[in-house]
Amino acid sequence: MENCLFCKIARHEIPSTIVYEDEDIIAFNDINPVAPIHILIIPKKHMVSTNDITPDDVDLIGRMFTVIKTLAAEKGISETGYRVITNCGPDSGQEVAHLHFHLIGGRTLGRLVSSQP
Ligand code: AMP
Ligand code: ZN
């Protein structure tokens, strides 16, 4: 998509610190990390969010998770632990409208969901 920030990163039109790339997937360091390891894993094709995933994407999404697993191992956080997050839509606070998984680790992470409603 012409004016999508992450499509531009996938096309190498905007600089980023790429940590993995293949034909369909690219992963790069988050520009504003919330933990020592904070990587974004995205499909190169434009999809807004999980709402756009179809049965045709099963292989792609599965491969994205094998990339996440491999990156976690490379970064040394497989055993210490990590979190994978994707935001979808306004209530989640999704800022970039191109599907991405956050891989976050390297420190103790707080509880994701509080007991408060
Ligand atoms: P989300 O709120 O789930 O849409 O997350 C968007 C993420 O993209 C945020 O964590 C931002 O810090 C990150 N981000 C925004 N612009 C860039 C960029 N040019 N390179 C790397 N990460 C970015
Ligand atoms: Zn895009």
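First listed ligand is number 1; within each ligand, the first listed atom is number 1. Computed from a prediction, not measured in an experiment: that's the story for all the values here.
At least one heavy atom of Ile9 lies less than 4.0 angstrom from ligand 1.
Residues Pro36 and Gly106 share a closest heavy-atom pair of CG-O, 3.4 Å. Between Ile68 and Tyr82, the shortest heavy-atom contact is CG2-CE1, 4.3 Å. Pairing each heavy atom of Arg11 with each of Glu2, the nearest pair is NH2-O, 3.2 Å.
Protein heavy atom closest to atom 5 (O) of ligand 1, with residue, atom name and distance, is His100 NE2, 3.1 Å. Of all protein heavy atoms, the one lying nearest to atom 21 (C) of ligand 1 is Ile31 N, 3.3 Å. Ranking the protein heavy atoms by distance from atom 11 (C) of ligand 1 puts Asp30 OD1, 3.4 Å first. Protein heavy atom in closest approach to atom 2 (O) of ligand 1: Glu95 N, 3.3 Å.
Neither the backbone nor the side chain of Thr86 has a heavy atom within less than 4.0 Å of ligand 1.
Ion pairing between a basic and an acidic side chain is recognised when a charged N comes within 4.0 Å of a carboxylate O; Lys45 and Asp57 show such pairing.
Remark: at the Zn ion (ligand 2), atom ND1 from His98 and atom SG from Cys7 enclose 110°, rounded to the nearest 10 degrees.
Distances below 4.0 Å separate heavy atoms of Leu5 from the following atoms of ligand 1: 16 (N). Counting atoms of ligand 1 from 1 in the listed order, those under 4.0 Å from a heavy atom of Leu40 are 8 (O), 13 (C), 22 (N). Interface atoms of ligand 1 facing Phe6, defined by a heavy-atom separation under 4.0 Å, are 8 (O). Heavy-atom contacts of Asn29 reach the following atoms of ligand 1: 21 (C) (cutoff under 4.0 Å). Here is the list of ligand 1 atoms found below 4.0 Å of a heavy atom in His102: 1 (P), 3 (O), 5 (O), 7 (C), 10 (O). Near Asn32, meaning under 4.0 Å from one of its heavy atoms, ligand 1 places the atoms 12 (O). Those atoms of ligand 1 with a heavy atom of Gly93 less than 4.0 angstrom away are 2 (O). Near Asn87, meaning under 4.0 Å from one of its heavy atoms, ligand 1 places the atoms 1 (P), 2 (O), 3 (O).
Taking only nitrogen or oxygen atoms, main chain and side chain alike, His38 does not reach within less than 3.5 Å of ligand 1. The distance criterion of under 3.5 Å between nitrogen or oxygen atoms is not met by Phe28 with respect to ligand 1.
Side-chain contact between Leu109 and Arg111 is absent, with no heavy atoms from C-beta onward closer than 4.5 Å. Between Asn3 and Lys8, some side-chain heavy-atom pair lies under the 4.5 Å cut-off. Put simply, the side chain of Val19 does not reach to within 4.5 Å of the side chain of Phe28, judged on heavy atoms. Between His102 and His38 there is a side-chain heavy-atom pair separated by less than 4.5 Å.
Side-chain N/O atoms of Glu21 and His12 include a donor and acceptor closer than 3.5 Å.
By the rule that hydrophobic residues join a cluster once side-chain heavy atoms approach within less than 4.5 Å of another member, Leu71 and Leu99 end up as members of one cluster.
Restricting His46 to its N, O or S atoms, the one at the least distance from the Zn ion (ligand 2) is ND1.
A 6.0 Å sphere centred on CG of Asp91 holds no more than 12 heavy atoms belonging to other residues, nucleotides or ligands.
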